[in-house]
Novice: 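Would you mind keeping the following structure in view while I ask a few things?
Atoms within each ligand, like the ligands themselves, are counted from 1 in listed order.
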Amino acid sequence: MKTMDQCLTALVSVLGTPEKDIPLHAPYFGGNEWKYVKSCIDTGWVSSVGEYVNLFETKLIEYTKANYAVAVVNGTAALHIGLILANVNADDEVLIPSLTFIATANAVAYCGAIPHFIDSHPSNLGIDIEKLRNYLKENTIVKDRTCINKKSLRKITAIIPVHIFGHPVDMDALDEICQEYHLTIIEDASESLGSYYKGKHTGSFCDIAVLSFNGNKTVTCGGGGAILLKNAEMAKRAKHLTTTAKRAHRWEFYHDELGYNYRLPNINAALGCAQLEQLSGFVEKKRILAHQYYEAFQGIDIATILQESPYAKSNYWLNALILKKPDRQFVSSFIELANEHKLGLRGLWTPLDTLPMYLQCPKMDLSQTYALFDSVIALPSSPNLGSNYA
Ligand SMILES: *Cc1c(COP(=O)(O)O)cnc(C)c1O
């Protein structure tokens, strides 16, 4: 097929003809990683107490300008605690996009709550805000400052916007709806460290936001996550809940509520500290790579490279090639062809509402999500690719 060959040529013009597989996103260790991790081993401070965990939180606050940061074992745990802080209870519904990584839905289910799936917009792969507005108007009522699903009669407590592939959701527009319907926002900024909305770092301006430092994210701790918070009381409670709800005492063990063993180990934080020192450079390189992809696909009429919204500065965590017309067959065949050439392309996550454990969940019309599933291809996006290749 001619168009498929053209797309492959465009890819190769950016990535070259690799001898080894190029993964979708590989970690890059070019700084103090070895030195900091070694010092944990040398001093014995490898576990849940140590200087790097506190330093990691301080560095996150410096970079994002959030008021508080609490480091945890992974992004899923951060979401779980974020939902508890938002007072999400069993049998509440939480609005989430169907088009996201599984962690967003799982964290809701861990609370005994029910994911309520909403549609996404092709302009930034995030929540379609106008569609949400109309949907809430028709399908919910607000009583005693509480949003009720007219069909299920359950309470809709919160919403989790996700900045997919690093592209910020229009948070001002979303905030307006959330105030009208009394929904608490938990911002899933797992993919958007280094992305800005109207000049402010994603996750820094809502009451509750989360980050992830998994191995495939822009910076990694091996595994890790963080909760970003605006208010001191919530930050204190987040720290308490993530450290088994143990009251501080030098030798007594007393836990005053159900807590979680979610604190980020010091050795992971050490890796994260070294990575954060390089974050600005990573983002710069990822933006250059995104531009190269954009240029390379300019002459191809069946597809485009997703660009940041006018209000946003994206970290381009992953670059998205979007077909102008959905075509499942093309998506599968092109991914296969590229992988044969050692280029680690991937598809989107299977829409979460179609997975066995979420089949019964409430949802709006998700036609745009299904169309995106059949038209988006994720391209290799590590910071050292393209002309950044060392
Ligand atoms: C990575 C990610 C998370 C968190 O994943 P962990 O592997 O638990 O750190 C949550 N939501 C989204 C959208 C993600 O991409």
Novice: Residue-level breakdown please: for Val162 versus ligand 1, do any non-hydrogen atoms fall below 4.0 Å on the side chain, on the backbone, on both, or on neither?
Specialist: side chain
Novice: Identify, by atom number and element, the atoms of ligand 1 in contact range of Thr100, meaning under 4.0 Å from any of its heavy atoms.
Specialist: 13 (C)
Novice: Using a 4.0 Å cutoff against the non-hydrogen atoms of Phe101, which atoms of ligand 1 qualify?
Specialist: 2 (C), 3 (C), 5 (O), 12 (C), 13 (C), 14 (C), 15 (O)
Novice: One pair to check against side chain to side chain contact (heavy atoms under 4.5 Å, CB included): Val53 and Trp45. What are the steps and the verdict?
Specialist: CA-CA 10 Å; Val53 194; Trp45 293 104; over 6 Å; no
Novice: Counting heavy atoms only, which part of Ile164 comes closer than 4.0 Å to ligand 1: side chain, backbone, both or neither?
Specialist: neither
Novice: Mind running side chain to side chain contact (heavy atoms under 4.5 Å, CB included) on Tyr316 and Ser381 for me, showing each step along the way?
Specialist: CA-CA 8 Å; Tyr316 287 93; Ser381 299; over 6 Å; no
Novice: Apart from Phe29 itself, what residues make up its hydrophobic cluster, given side-chain heavy atom links below 4.5 Å?
Specialist: Val37, Ile41, Val46, Ile267, Leu271
Novice: Starting at CD of Glu252, measure out to CZ of Arg247 and round the result to the nearest 0.5 Å.
Specialist: 10.5 Å
Novice: Roughly how far, to the nearest 0.5 Å, is CG of Leu343 from CD1 of Ile22?
Specialist: 5.5 Å
Novice: Less than 3.5 Å between some nitrogen or oxygen of Phe213 and one of ligand 1, yes or no?
Specialist: no
Novice: Among all protein heavy atoms in this structure, tell me which lies nearest to atom 13 (C) of ligand 1, with the distance rounded to 0.1 Å.
Specialist: Glu191 OE2, 3.3 Å
Novice: Closest by any non-hydrogen atom to atom 3 (C) of ligand 1: pick that one out of Ala189, Gly166, Ser192, Ser190.
Specialist: Ser190
Novice: Heavy atom under 4.0 Å from ligand 1: found in Asp188's side chain, backbone, both, or neither?
Specialist: side chain
Novice: Using the ring-ring contact (aromatic ring centres under 6.0 Å, His included) criterion, which residues pair with Tyr36? Sequence neighbours excluded.
Specialist: Tyr52
Novice: List ligand 1 atoms under 4.0 Å from Thr76, heavy atoms only on the residue side.
Specialist: 4 (C), 5 (O), 6 (P), 8 (O)
Novice: Where the closest heavy atom to atom 5 (O) of ligand 1 is concerned, which of Gly215, Gly225, Ser212 has it?
Specialist: Ser212
Novice: Within 45 degrees of the ring normal and closer than 6.0 Å to the centroid, is that where the cationic atom of Arg328 sits relative to Phe373?
Specialist: yes
Novice: Ignoring hydrogens and angles, tell me if any N or O in the side chain of Tyr197 forms a donor-acceptor pair with the backbone of Asp172 under 3.5 Å.
Specialist: yes
Novice: Considering only the protein, which heavy-atom contact is closest to atom 6 (P) of ligand 1, and what is its distance?
Specialist: Gly75 N, 3.6 Å
Novice: Just to be sure I'm reading this right: ignoring hydrogens, which of His163, His80, Lys217 gets closest to atom 2 (C) of ligand 1? Compare them by their nearest heavy atoms.
Specialist: Lys217
Novice: Side chains of Asp365 and Ser367: do they bring a donor and an acceptor to under 3.5 Å?
Specialist: yes
Novice: Roughly how far apart are Leu337 CG and Leu11 CG, rounded to 0.5 Å?
Specialist: 9.0 Å
Novice: Under 4.0 Å from a heavy atom of Asn214: give me the atoms of ligand 1 that qualify, with their elements.
Specialist: 7 (O)
Novice: Taking both backbone and side-chain atoms of Trp349, is any N or O found less than 3.5 Å from an N or O belonging to ligand 1?
Specialist: no
Novice: Before signing off on this row, confirm whether Trp317 and ligand 1 have an N or O atom pair separated by under 3.5 Å.
Specialist: no
